[in-house]
Enquirer: 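The structure's right below; bear with me while I get my questions together.
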Amino acid sequence: MNVQLSHSAIHESLSPLGITADELRRLPGNRDVQLARARLLQDLCSRGLPTRRLESWHYTDLRTRLKAPSRPQAAEGAGDSGSLIPGSIVLQVNEAGCGMDAGIAGLSIRNYRHLLEDGSAAGELVECVADDAIGRINGILADRGMQIEIAGDHRFERPIELQVRGSSHSRLGVVARAGARVTVIERHAGQAQADGGFSTVVSRLRVGEGADVTWIIVGEQQASDSHLGQLRFILERDAKLRILVLNTGGKLVRQEVHGRQSGEGAQLILNGINLLRDAGHTDLTMTLEHEAVGTTSAITVRNVVFDRASGAFQGGIKVGQGAQRTDARMACNTLLLSDDGEFSAKPELEIFADDVQCGHGATIADIDDAQIYYLMARGIPKARARSLLIEGILAELLLPIGNEQIVVALEQIVSAWLEAAAEVSGG
Amino acid sequence: MLEIKNLRARIANDGTEIIRGLNLTVKAGEVAAIMGPNGSGKSTLSYILSGREGYEVTEGDVVYNGASILHLDAAERAVEGIFLAFQYPVEIPGVATLQFLKVALDEQRKARGEEEMTTPAFIHFVKESAARLGIDMQMLRRPLNVGFSGGEKKRAEILQMALLEPKLCVLDETDSGLDIDALKIVADGVNSLRSPDRAVVVITHYQRLLDYIVPDTVHVLYKGRIIKSGDKSLAHQLEANGYADVIADAA
């Protein structure tokens with residue numbers, strides 16, 4: 001395939017991404033990878049960044065919102081922020097791909113840079129859904145990452161923490177073979193950069209037959225950062241996957257989750273916590289396809305909105321013709337704590353099977369005054385009472401994680417965030 | 001200890017006046033019972049004493065230990081030592097009862113400039129008080145009041161009272177929803193807290209509770225005012241004859 005693009009078109013398309021054509025040419029990749037990147041770039045040039053006119057981008061107009069800094073600071077050498085919980089297997093995602101050889105039985109890790117250089121990554125530098133701007137942008141820019149394989153029947157007690165820092169574009173892949181069990185923490189930390197950082201991460205997960213995976217995405221962006229994340233997963237027969245997404249804000253954050261339950265009896269729990277403040281915008285978009293008999297999904301998203309922040313949750317569940325006895329539940333609950341904040345929820349169900357149980361609901365509310373009064377009547381000041389109630393509402397979503405240490409660490413992130421938000425907003 | 005002077009109060013939303021010139025004095029060490037028919041303003045009085053938002057005092061004052069408390073919010077009043085045992089304790093999903101107790105105790109101590117209790121000391125303290133009220137520690141690991149039976153909720157209220165050691169205890173219809181065994185346990189709990197420097201205001205519908213928590217004074221609340229006061233025999237008189245006679249006399 002021959003790809004011809006004019007210089008001006010390329011320049012125009014790359015400028016919001018903060019990269020030049022020269023820099024693009026220097027990204028790692030053999031000829032196949034370069035071709036794959038060129039195809040994605042051609043799509044980007046011809047369609048531009050998505051606007052609200054596209055249905056899946058209606059609540060997050062990327063064209064007006066995304067302005068990456070032209071000179072991103074290198075993410076390398078950033079101080080080690082430590083792991084979420086002690087004793088984790090920590091893998092830092094950086095250009096060099098150092099620390100890749102963990103030498104742990106049952107765990108094999110490949111540097112994604114090598115997969116770009118030898119061309120084996122070319123096949124997956126593609127879009128995964130319609131109007132997949134994140135897959136496109138990340139496919140064009142990705143220069144680092146890792147491909148991890150958990151051997152069959154290996155059960156990891158220690159979580160694997162993948163640390164992604166600063167302005168960078170990474171691809172992460174995890175394959176959990178049959179009967180494996182693992183907890184993966186995908187941790188995005190922004191980097192204090194005056195004009196804001198821009199990062200993208202695309203993660204691909206395959207959960208093999210009877211394997212059990214807990215996948216935790218912790219997004220801790222700075223107020224000026226833009227971040228686009230995407231998790232693509234596929235569940236084989238009787239696979240179990242628990243996903244927790246915790247977003248603590250940023251100028252522009254969109255996390256997508258696109259999944260397929262292609263094996264009979266596969267089970268998914270997806271819990272999302274979006275904490276929104278200042279003038280930030282956070283978007284959690286999910287599509288899920290039930291493809292096999294007897295698969296279940298339970299999706300619960302809870303949002304807390306302070307200040308002038310805005311956000312959206314889009315959840316699309318499709319139950320295919322062959323997916324009889326599917327049980328799919330989706331709920332989105334928003335605590336709107338400011339008159340200037342806004343949150344949009346768009347749950348969608350598309351059902352082609354006739355023997356299924358599906359339900360969805362969305363609520364938007366303030367905190368219950370009677371609960372505040374009760375806590376205050378015991379001497380708890382109003383601001384503390386509010387945060388205690390919010391923590392309680394969110395804590396329920398952490399329960400499926402099971403690992404008490406991780407739950408406590410995430411609770412601490414939530415309560416620190418609430419304390420900071422309450423201080424600025426005056427309770 | 002507590003002096004309510006010619007108090008008039010209304011619901012802020014719609015202006016409905018509920019308390020209409022109420023006078024009441026309760027001394028330290030005293031147990032005062034407030035009785036009255038439905039709609040007389042009993043629960044509203046408990047809300048106003050505890051500082052619930054949504055009520056406006058239009059006249060009069062509530063003086064506690066020599067100073068007006070009307071400018072204090074509910075949390076500040078609790079720190080000052082005012083405790084309301086709720087008629088309907090509120091369910092708080094996601095907040096474990098023990099965690100709530102620790103936060104409440106810590107916040108009150110912090111506000112008074114006292115040191116926080118260590119966790120082992122706290123657990124020991126809770127265990128002792130809970131045992132006396134027949135409360136299983138397992139129950140305290142559950143979310144606050146969520147799925148508690150009527151009796152468990154009321155016992156949890158009394159446990160909070162025992163732990164927070166207030167100076168003025170207001171019990172709002174604490175007997176409602178209790179069987180006789182639970183009533184005795186709750187009454188024993190209250191009685192064990194009676195002391196010369198603590199006052200208790202028992203708001204109730206029925207005389208039954210007063211067989212177990214014997215009051216020093218009994219006051220009849222009707223249409224937002226105290227229309228008759230007496231000793232514990234007044235409660236028996238009300239039980240035998242109903243409120244009609246007292247209301248007729250006051251009219």
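In what follows, chains carry the letters A, B, and so on, assigned in the order in which the sequence lines appear, proteins first and then strands, with residues in each chain numbered from 1. As a basis for the values below, the full set of heavy atoms in this structure was taken, side chains included, without hydrogen atoms, waters or symmetry mates.
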Enquirer: With side chain to side chain contact (heavy atoms under 4.5 Å, CB included) as the test, would you mind laying out the steps for B:V90 and A:Y373 before giving the verdict?
Expert: CA-CA 9 Å; B:V90 180; A:Y373 164 56; over 6 Å; no
Enquirer: Once you round to the nearest 0.5 Å, how far does CD1 of A:I380 lie from NZ of B:K110?
Expert: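 If we round to the nearest 0.5 Å, A:I380:CD1 and B:K110:NZ are 10.5 Å apart.
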Enquirer: Can you say whether the rings of A:Y374 and B:F86 are parallel (under 30°), tilted (30 to 60°) or perpendicular (over 60°)?
Expert: perpendicular
Enquirer: For the backbone of B:L84 and the side chain of A:R378, can you confirm whether one donor and one acceptor N or O come within less than 3.5 Å of each other?
Expert: yes
Enquirer: Please classify the contact between B:E91 and chain A as side chain, backbone, both or neither, with a heavy-atom cut-off of under 4.5 Å.
Expert: backbone
Enquirer: Tell me, for B:L105 versus chain A, whether the close heavy atoms (under 4.5 Å) come from the side chain, the backbone, both or neither.
Expert: neither
Enquirer: Verify the neighbour count for atom CD of A:E348: are there more than 12 heavy atoms of other residues, nucleotides or ligands below 6.0 Å?
Expert: yes
Enquirer: Check the pair A:R384, B:V103 against side chain to side chain contact (heavy atoms under 4.5 Å, CB included), reporting the backbone distance first and the verdict last.
Expert: CA-CA 9 Å; A:R384 183 78 182 93; B:V103 172; 3.8 Å; yes
Enquirer: Checking B:R77 against chain A: side chain, backbone, both or neither under 4.5 Å from a heavy atom?
Expert: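 Nothing of B:R77, per the 4.5 Å heavy-atom cut-off to chain A.
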Enquirer: Got a second to check how far B:L144's CG is from A:L375's CG, nearest 0.5 Å?
Expert: 7.0 Å
Enquirer: Counting only heavy atoms from other residues, nucleotides and ligands, does the tally under 6.0 Å from OH of B:Y88 exceed 12?
Expert: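 Check fails, neighbour count at 12 or below.
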Enquirer: Answer with side chain, backbone, both or neither: which region of A:E396 has an atom nearer than 4.5 Å to a non-hydrogen atom of chain B?
Expert: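 When you check distances to chain B, only side chain atoms of A:E396 fall under 4.5 Å.
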Enquirer: Given that the side chain runs from C-beta out, which part of B:P89 has a heavy atom under 4.5 Å from chain A: side chain, backbone, both or neither?
Expert: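 Contact with chain A involves both backbone and side-chain atoms of B:P89.
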Enquirer: CD of B:E53: more than 12 outside heavy atoms within 6.0 angstrom?
Expert: no
Enquirer: I need the A:M376 CE to B:D73 CG distance, nearest 0.5 Å.
Expert: 3.5 Å
